[in-house]
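The residues of the chain are indexed from 1 along the displayed sequence.
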Amino acid sequence: MSAPQVVVHRDKELMAKAAAARLITKIVDAQAARGSASVVLTGGRNGNGLLAALAEAPARDAVDWGRLDLWWGDERFLPDGDPERNHTQAREALLDSVPVDPARVHVMAPSNGPYGNDADAAAEAYAIELSAAAGPEDHGPVPSFDVLLLGVGPDTHVASLFPELPAVRETERTVVAVHGAPKPPPTRLSLTLPAIRAAREVWLLAAGEDKAKAAAMALSGAGEIQAPAAGAYGRSRTLWLLDEAAASQLPRGLYPPASA
Ligand SMILES: O=C(O)[C@H](O)[C@@H](O)[C@H](O)[C@H](O)COP(=O)(O)O
């Protein structure tokens, strides 16, 4: 596991724009190299902020949107179209503005979908979909995502993996249902740490003073059960994208002076 890289931007708006530009370049390079790319989206303000910035990016259409597989790191288990669903928010921020191939937008089942309100069945179905998309060159039952995006909660949760709860302790399954999540809604679907670690690159997004303690804890050697963000790392790269407020409690020397 390579040491996490930390890049600090002036504020959350610049962080979103810079992360969007970085993601465009990563997708374009992957598509040039392998003919397609795969990205795992995240919910929350920073995740959606990145998508909104991507929608406005000058180089947006350098991406071949029809050759991009989109997955989710987690989803709120609510009815399809519910404004609180990560899928709904991603559509509003970006997906309804670009010509993605619907067959390559892998949505986690809603609570009024084919599995009804059985979140465990919905989680199992997504694990099967991931496994079907994995190829011989992948490291197990999950495709080698080019970039897996994660917002970071003030309690250091990522996706719907909350400190000390069963989901963060999962070592076999790739997708689990989360019941009783401390962040509403209580029922969610989430990739597990083993699935997150199948990604080539994991990018963690955190902006704001309320994330400073979480970033410092996760980047200072905390264990993944107490600080799930500490267990979120990629096969070839782990990148923390912060604004200055979220970086304000990082140990000195962990990153060069704040980048613009
Ligand atoms: O479904 C969710 O809520 C997200 O996936 C969650 O993991 C989010 O990314 C963090 O809670 C950070 O959210 P903010 O960026 O809004 O602080």
Side-chain angles (χ1 to χ4, degrees), residues 12-76 78-110 112-114 122 125-126 128-135 137-138 142-151 159 175 189 191 195-196 198-203 205 234 239 241:
K12 72 177 185 305
E13 290 77 16
L14 185 56
M15 185 190 90
K17 287 177 189 163
R22 186 184 290 273
L23 185 58
I24 287 170
T25 303
K26 180 57 68 178
I27 293 169
V28 169
D29 285 356
Q31 290 179 332
R34 288 189 299 278
S36 70
S38 68
V39 172
V40 182
L41 304 181
T42 185
R45 290 161 299 178
N46 290 307
N48 288 309
L50 188 164
L51 297 185
L54 186 45
E56 300 302 316
R60 181 189 83 178
D61 293 329
V63 170
D64 182 341
W65 294 100
R67 291 189 297 144
L68 175 65
D69 280 294
L70 292 171
W71 302 87
W72 270 265
D74 73 335
E75 186 54 278
R76 292 95 178 266
L78 296 165
D80 187 33
D82 186 295
E84 281 308 301
R85 269 179 61 85
N86 291 336
H87 177 223
T88 310
Q89 294 177 5
R91 287 191 56 180
E92 286 163 2
L94 172 68
L95 303 188
D96 286 353
S97 314
V98 288
V100 289
D101 175 353
R104 301 182 76 159
V105 179
H106 307 276
V107 181
M108 289 182 163
N112 61 345
Y126 204 73
I128 291 168
E129 188 171 353
L130 283 165
S131 180
E137 73 287 356
D138 293 320
V142 176
S144 302
F145 308 116
D146 292 293
V147 177
L148 187 144
L149 300 169
L150 291 170
V175 189
L189 306 182
L191 296 192
I196 288 168
R200 290 185 172 89
E201 299 196 16
V202 170
W203 299 2
L205 310 166
L239 175 63
L241 296 169

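When all heavy atoms of Ala30 and Ala37 are compared, the closest pair comes out as CB-CB, 3.8 Å. Across all their heavy atoms, Leu41 and Ala90 have their closest contact at CD1-CB, 4.3 Å. Nearest heavy-atom pair, Ala133 versus Pro143, reported as atom, atom and distance to 0.1 Å: CB-CG, 3.7 Å. Minimum interatomic distance between Leu241 and Ala19 (heavy atoms only, all atoms of both residues): CD1-CB, 3.8 Å. Minimum interatomic distance between Gly73 and Ala159 (heavy atoms only, all atoms of both residues): O-CB, 3.6 Å. In terms of heavy-atom proximity, Asp138 sits nearest to Gly135 at OD2-N, 2.5 Å.
At least one donor-acceptor pair under 3.5 Å links the side chain of Asn112 to the backbone N or O of Asp80. Formation of a donor-acceptor pair under 3.5 Å by the Arg91 side chain with backbone atoms of Asp96 is not found in this model. Counting only distance, with no hydrogens or angles, the side chain of Ser97 and the backbone of Ala93 share no donor-acceptor pair below 3.5 Å. Without hydrogens or angle criteria, Glu84 side chain to Arg76 main chain gives no donor-acceptor distance under 3.5 Å. Looking at Thr42, its side chain does come within 3.5 Å of a backbone N or O of Gly151 through a donor-acceptor pair. Of the possible donor and acceptor atoms, none in the side chain of Glu75 sits under 3.5 Å from a partner among the backbone N and O of Val107.
In this structure, the side chains of Val98 and Leu54 stay at 4.5 Å or more apart for every pair of heavy atoms. When side chains are defined from C-beta on, Glu201 does not count as touching Leu239, because their heavy atoms never get closer than 4.5 Å. By the 4.5 Å heavy-atom criterion applied to side chains, Ile196 and Val202 are counted as neighbours.
Applying the side chain to side chain contact (heavy atoms under 4.5 Å, CB included) rule to Thr88 yields the partners Arg85, Glu92; only residues at least two apart in sequence or on another chain are considered. In this structure, Trp203 has no ring pair (Phe, Tyr, Trp, His ring centres under 6.0 Å) partners at least two apart in sequence or on a different chain. Scored by the side chain to side chain contact (heavy atoms under 4.5 Å, CB included) test, Ala16 finds Ala53 as partners (sequence neighbours excluded).
Screening Arg200, Arg22, Lys26 against Asp146 for a salt bridge (charged side-chain N to carboxylate O under 4.0 Å, His left out) leaves a single residue, Arg200. Among the candidates Leu23, Val40, Asn46, the single residue satisfying the side-chain contact (heavy atoms from CB on, under 4.5 Å) test with Leu149 is Leu23.
Enclosure of atom CZ in Arg60 by more than 12 non-hydrogen atoms of other residues, nucleotides or ligands within 6.0 angstrom is indicated.
Distance CG/Leu70 to CG/Leu51: 8.5 Å, rounded to 0.5 Å. Here NE2 of His87 is found 13.5 Å from CG of Leu78. Values are rounded to the nearest 0.5 Å. Taken from OG in Ser36 to CG in Leu68, the straight-line distance is 8.5 Å, to the nearest 0.5 Å. From Leu189, atom CG reaches atom CG of Asp74 across 8.5 Å, with rounding to the nearest 0.5 Å.
Remark: Arg104 does not engage Asp101 in a salt bridge, criterion side-chain N to carboxylate O under 4.0 Å.
Between Trp71 and Tyr126, the ring planes lie perpendicular to each other; the angle is over 60°, past the 30° to 60° tilted range.
Between the side chains of Gln89 and Asn48, at least one donor N or O lies within less than 3.5 Å of an accepting N or O.
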